[in-house]
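Let me begin by presenting the structure, written as structure tokens, before commenting on it.
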Amino acid sequence: MKRITNLIALCVLVTFGATAQINTPQPSPAGSVSSTVGLTEISIDYFRPGKKGREIFGDGDKYLQPFGQIWRTGANAGTIITFSTDVKIAGQDLKAGKYQIVSIPGSDEWQVMFHTEMIGGNMGNYKEENVAAKATVKTMKLSNSVERMTFQISDISADNTSANIHFAWDNMSFKVPVSVDFHASVMSDITAKTQVNPQNYVAAANYYLNSGENLEQALEWMNKYLSMGENSGQFWHVHTKAQILAKMGNKKEAIETAKDSMEKAKNFAQGDFGYIKRNEDLIASLK
């Protein structure tokens with residue numbers, strides 16, 4: 001009986017020890033960042049080591065990460081980046097998927113590799129044949145030291161076709177350019193969906209207006225949508241039509257359409273949402 005009692009006590013002790021663990025901050029906490037560029041979801045999952053008074057980058061063994069030596073670009077299991085569609089990395093084609101970022105720091109430039117195999121912190125498993133894309137980028141020296149290693153997806157362009165993978169730690173930083181192409185996907189969507197939902201005519205017309213793809217087709221779609229029914233709230237769509245006409249060089253009709261949009265905006269009970277001024281500015285630009 002005593003043996004059974006001791007066995008039960010041991011089991012309770014082991015179980016308690018397994019569940020009652022103390023939570024403490026991790027030396028290199030997990031971090032993640034994500035953003036949509038065009039139609040591409042880009043996410044970066046990594047671990048964030050701290051400077052903690054150490055010398056991080058430089059020439060010689062006294063530095064945590066000497067120049068010229070391959071690095072997992074982070075702590076623990078390294079840094080994983082995922083692209084939902086095909087992209088270009090510094091002009092090189094890279095398929096949609098998941099990659100480990102591996103790098104070689106340098107005083108003037110960094111080499112940044114996108115490795116198809118997840119090798120964690122074991123750089124002995126790095127293989128050049130598993131590098132799907134490699135970028136050589138300029139080293140940027142920072143005036144203010146960054147304590148925790150940080151990744152960002154920065155500098156998204158106005159047309160949503162490019163961005164930078166931005167790294168910073170200690171007094172070093174680099175940016176790897178990423179570009180995306182969503183035109184073919186949008187065109188396919190337009191073909192498939194404009195007949196399904198009339199509101200898609202508006203989206204298609206706006207896309208053509210912004211891309212300069214086919215302004216005559218954009219105007220046709222806008223007219224088709226506006227002819228489907230009178231609604232005072234459509235003044236923002238009438239303004240889009242005025243913009244299309246202006247971009248086509250049809251100033252007279254663009255001004256008339258902008259005035260129509262402005263009158264509709266003035267009579268809208270919920271407010272004009274800034275479209276009176278937008279129309280005034282458009283008209284002024286055409287005179």
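Quantities reported herein were computed from a predicted structural model and do not represent experimental measurements.
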Step by step, would you call Y99 with H115 a ring pair (Phe, Tyr, Trp, His ring centres under 6.0 Å)?
CA-CA 5 Å; Y99 301 89; H115 200 268; 9.5 Å; no
Donor-acceptor side-chain pairing of N279 and S261 below 3.5 angstrom
yes
Run the ring-centre check on F57 versus W110 and record whether the distance is less than 6.0 Å.
yes
Taking it one step at a time, do S84 and T40 satisfy side chain to side chain donor-acceptor pair (under 3.5 Å)?
CA-CA 6 Å; S84 66; T40 304; 4.9 Å; no
Trace of the salt bridge (Lys or Arg N to Asp or Glu O under 4.0 Å) decision for K266 with E263:
CA-CA 5 Å; K266 288 177 181 177; E263 285 305 310; 3.6 Å; yes
Please check this pair: side chain of Q100 against backbone of G120, looking for a donor-acceptor N/O pair closer than 3.5 Å.
yes
Worked verdict on F83 versus L94 for side-chain contact (heavy atoms from CB on, under 4.5 Å)
CA-CA 9 Å; F83 303 98; L94 186 65; 3.6 Å; yes
How far apart are the closest heavy atoms of L209 and K247, and which atoms are they?
O-NZ, 2.6 Å
Hydrophobic cluster membership, with links at side-chain heavy-atom distances under 4.5 Å among I/L/V/M/F/W/Y: are F114 and I80 in one?
no
Using a 3.5 Å distance criterion without hydrogens, assess whether the side chain of T257 forms a donor-acceptor pair with backbone atoms of E253.
yes
Determine the minimum heavy-atom distance between V87 and V178, stating which atoms define it.
CB-CG1, 4.1 Å
What's the spacing between Q65 CD and I104 CD1 if we round to 0.5 Å?
9.5 Å
Where is the tightest heavy-atom contact between A96 and D86, given as atom of each residue plus distance?
N-OD1, 2.9 Å
With distance as the sole criterion, is a donor-acceptor pair present between the side chains of S211 and H183 under 3.5 Å?
no
Tell me if the NZ atom of K52 is crowded by more than 12 foreign heavy atoms within 6.0 Å.
yes
Run V180 and L39 through side-chain contact (heavy atoms from CB on, under 4.5 Å) and show every step you take.
CA-CA 8 Å; V180 300; L39 297 176; over 6 Å; no
With side chain to side chain donor-acceptor pair (under 3.5 Å) as the test, would you mind laying out the steps for T36 and E41 before giving the verdict?
CA-CA 5 Å; T36 302; E41 295 289 337; 2.6 Å; yes
Carboxylate-amine/guanidinium contact K175 D155, below 4.0 Å
yes
What is the minimum heavy-atom distance between R148 and P29, and which atoms define it?
NH1-CD, 3.4 Å
Between CZ of F167 and CE of M172, what distance do you get to the nearest 0.5 Å?
9.5 Å
S185 (side chain) donor-acceptor with F182 (main chain) under 3.5 angstrom:
no
Looking only at the side chains, is there a donor atom on one of S179 and T161 sitting less than 3.5 Å from an acceptor on the other?
no
Can you tell me if K51 has over 12 outside heavy atoms packed within less than 6.0 Å of its NZ?
yes
What are the two closest heavy atoms between A254 and A246, and how far apart are they?
CB-N, 3.6 Å
For residues I56 and V137: do they belong to one hydrophobic cluster (side chain heavy atoms under 4.5 Å, members Ile, Leu, Val, Met, Phe, Trp, Tyr)?
yes
Give a yes or no on this: more than 12 heavy atoms of other residues, nucleotides or ligands lie within 6.0 Å of atom CG of N122.
yes
Are R72 and T79 close enough that a side-chain donor and a side-chain acceptor fall under 3.5 Å?
no
Taking a hydrophobic cluster as the set of Ile, Leu, Val, Met, Phe, Trp and Tyr residues connected by side-chain heavy atoms closer than 4.5 Å, whether directly or through intermediates, do L64 and I70 fall within one such cluster?
no
Nearest 0.5 Å please: distance from the CG atom of N206 over to the CD atom of Q243.
7.5 Å
Is a side-chain donor or acceptor of R48 paired with a backbone partner of M149 at a separation under 3.5 angstrom?
yes
Parallel, tilted or perpendicular: which fits the ring planes of F273 and W236, with parallel below 30° and perpendicular above 60°?
tilted
Would E220 and N223 count as a side chain to side chain donor-acceptor pair (under 3.5 Å) if you check the C-alpha gap in whole Å, the side-chain angles of each, and the deciding distance to 0.1 Å?
CA-CA 5 Å; E220 181 181 330; N223 283 333; over 6 Å; no
So if you build clusters from Ile, Leu, Val, Met, Phe, Trp, Tyr with side-chain heavy-atom gaps below 4.5 Å, do I89 and V102 land together?
no
Could you check, using the six-membered ring where one of them is a Trp, whether H166 and F151 have ring centers closer than 6.0 angstrom?
no
Any side-chain heavy-atom pair from K264 and H239 closer than 4.5 angstrom?
no
Drop me the distance from D189's CG to T191's OG1, to the nearest 0.5 angstrom.
9.0 Å
Nearest 0.5 Å, what's the CE-NZ distance between M222 and K241?
9.0 Å
Apply the side-chain contact (heavy atoms from CB on, under 4.5 Å) test between V176 and each candidate in I101, I81, T136, V112; give the one that qualifies.
V112
Evaluate E109 against K138 for side-chain contact (heavy atoms from CB on, under 4.5 Å), listing each step before the verdict.
CA-CA 4 Å; E109 63 184 26; K138 182 181 177 182; 5.8 Å; no
Which atom of Y208 lies closest to which atom of A218, heavy atoms considered
CB-CB, 3.7 Å
Check this for me: does any side-chain nitrogen of one of K134 and E128 sit under 4.0 Å from a carboxylate oxygen of the other?
yes
Mind running side chain to side chain donor-acceptor pair (under 3.5 Å) on T139 and D108 for me, showing each step along the way?
CA-CA 5 Å; T139 300; D108 299 316; over 6 Å; no
Let me confirm one number: the OG-CD1 distance from S32 to I44, rounded to the nearest 0.5 Å.
9.5 Å
Is it possible for you to say whether I244 and M262 belong to one hydrophobic cluster, with membership spreading through side-chain heavy-atom contacts below 4.5 Å?
no
Full working for ring pair (Phe, Tyr, Trp, His ring centres under 6.0 Å) between Y126 and W71:
CA-CA 10 Å; Y126 171 84; W71 182 40; over 10 Å; no
